[in-house]
Amino acid sequence: MSRIFCVANQKGGVGKTTTTVNLAAGLAQIGRRVLVVDLDPQGNATMGSGVDKRSLDPSVYDVLLESASIAEARRPSPKGGYDIVGANRELAGAEVELVGVDRRDKRLRGALVSVDYDYDVVLIDCPPSLSLLTLNGLACAHGVVVPMQCEYFALEGLSDLVNTIKQVHANINPELEVIGILRVMFDARITLQTQVSEQLKAHFGDRVFDTVIPRNVRLAEAPSYGMPGLVFDPASKGAQAFLEFAREMAARIDGRHCAA
Ligand code: ADP
Ligand code: MG
């Protein structure tokens, strides 16, 4: 049975996609069977996994509209070591098309049941909004991984996300919880970042992952080569940090650190 995690934060450019593809590659390297679901119409996780978003047929859009199964829509990431259900601009239309249908927030949940035994971990890359797409992700997840930059306004957005998670927990999916906050694009030379990092620790305790992902240009370069940074330059500081994070996640999933 797979454990399902959303990588979510309603802000754009905070490192969701980078976290998703590198965590997927890291978990694959330590022997886990991983599926990535791209729920962002930008299709960055798809392209960053080496799958051309223009050539998807079917895509996650068809899965949400129940005209294709996950087994039909998944593709192997050529270098990543995991499978991915890709997304492209078509997905933006799903938001509107799903409004009138029943179980509109449970479409992905329903689809994932059929591959429950194919994967140890499913990672869902959410769009930068608290939309029906994100809701589909939250409705099937056991936990949410929240990547955060340690900046002044970062904490503000967090309360909206935490409230949404609470509502989904209460109304749709009682299994859902914030598994952890991941500090990303971290630069220890910047005093403010160190301060915000300390505040996060004080407020969220062990819900803040021990691993910190540094700002590292190799992680930013990797997507244009169609692979996660962890594969593109395994010796880089960013890759090393994501491998460490994959180990930390695996330990949490196995229940050695806290319930997930
Ligand atoms: P999101 O999915 O939340 O919009 P991305 O993962 O696409 O965010 O990251 C936004 C930008 O920051 C991208 O250009 C990405 O390559 C870059 N980036 C993400 N994490 C890092 C990092 N640790 N170091 C350097 N650049 C990063
Ligand atoms: Mg993204």
Side-chain angles (χ1 to χ4, degrees), residues 1-8 15-39 44-46 48-51 60 63 69-71 73-86 108-109 111-126 137-138 140-147 175-182 184 206-207 209-213 219 222-223 226-236 238-260:
M1 298 244 302
S2 41
R3 301 297 289 173
I4 305 173
F5 300 98
C6 279
V7 180
K16 289 182 290 297
T17 300
T18 306
T19 299
T20 305
V21 299
N22 283 286
L23 177 58
L27 287 167
Q29 277 193 14
I30 59 173
R32 310 281 165 133
R33 299 167 303 158
V34 184
L35 175 70
V36 168
V37 178
D38 191 350
L39 266 191
N44 293 345
T46 305
S49 298
V51 172
V60 73
V63 171
S69 66
I70 298 268
R74 67 185 163 192
R75 308 259 291 268
S77 162
K79 298 269 167 61
Y82 54 86
D83 287 347
I84 179 160
V85 177
L108 185 60
R109 185 184 176 123
L112 282 172
V113 170
S114 65
V115 293
D116 203 21
Y117 291 94
D118 294 1
Y119 301 100
D120 301 310
V121 183
V122 178
L123 298 175
I124 303 169
D125 188 28
C126 289
L138 295 176
C140 58
H142 299 103
V144 187
V145 174
V146 185
E175 287 191 271
L176 184 68
E177 63 172 334
V178 178
I179 175 169
I181 295 166
L182 177 66
V184 297
D206 64 4
R207 301 243 148 178
F209 288 108
D210 293 334
T211 311
V212 177
I213 309 297
L219 291 173
M227 57 182 111
L230 197 139
V231 180
F232 174 60
D233 185 356
S236 65
Q240 295 288 315
F242 270 115
L243 190 57
E244 195 182 311
F245 178 49
R247 293 203 182 97
E248 188 178 358
M249 264 304 274
R252 288 207 187 198
I253 291 167
D254 297 346
R256 274 180 274 142
H257 187 265
C258 79

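FYI, the numbering just counts along the sequence from 1. These numbers were taken from a predicted model, which means no experiment stands behind them.
- In plain terms, the two heavy atoms of Ala222 and Pro228 that are nearest each other are CB-C, 3.8 Å.
- Remark: Tyr119 pairs with no residue by the ring pair (Phe, Tyr, Trp, His ring centres under 6.0 Å) rule, at least two apart or across chains.
- For the side-chain contact (heavy atoms from CB on, under 4.5 Å) with Asp125, the qualifying choice from Val37, Ile84, Asp38 is Asp38, the only one to do so.
- Taking all atoms of both residues into account, the shortest heavy-atom contact from Ala8 to Pro147 is O-CD, 3.6 Å.
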Practice item. Dump the intermediate steps for salt bridge (Lys or Arg N to Asp or Glu O under 4.0 Å) on Arg32 and Asp254, then the final yes or no. Key: CA-CA 12 Å; Arg32 310 281 165 133; Asp254 297 346; 2.9 Å; yes

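- Contact of the Glu248 side chain with the Asp210 side chain is registered, since non-hydrogen atoms from C-beta on lie closer than 4.5 Å.
- In this structure Ser69 satisfies the side-chain hydrogen bond (donor to acceptor under 3.5 Å, both in side chains) test together with Glu72, sequence neighbours excluded.
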Check your understanding: Going through the checks in order, is the side chain to side chain contact (heavy atoms under 4.5 Å, CB included) test met by Val34 and Asp120?
Key -> CA-CA 6 Å; Val34 184; Asp120 301 310; over 6 Å; no

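- We find the CG-CG distance between Leu108 and Leu138 to be 10.5 Å, quoted to the nearest 0.5 Å.
- With sequence neighbours excluded, no residue forms a side-chain hydrogen bond (donor to acceptor under 3.5 Å, both in side chains) with Asn44.
- Taking CG from Leu123 and CE from Met249, the interatomic distance works out to 6.5 Å, rounded to the nearest 0.5 Å.
- Here Asp83 does not pair with Arg33 in a salt bridge; the nearest charged N to carboxylate O distance is not below 4.0 Å.
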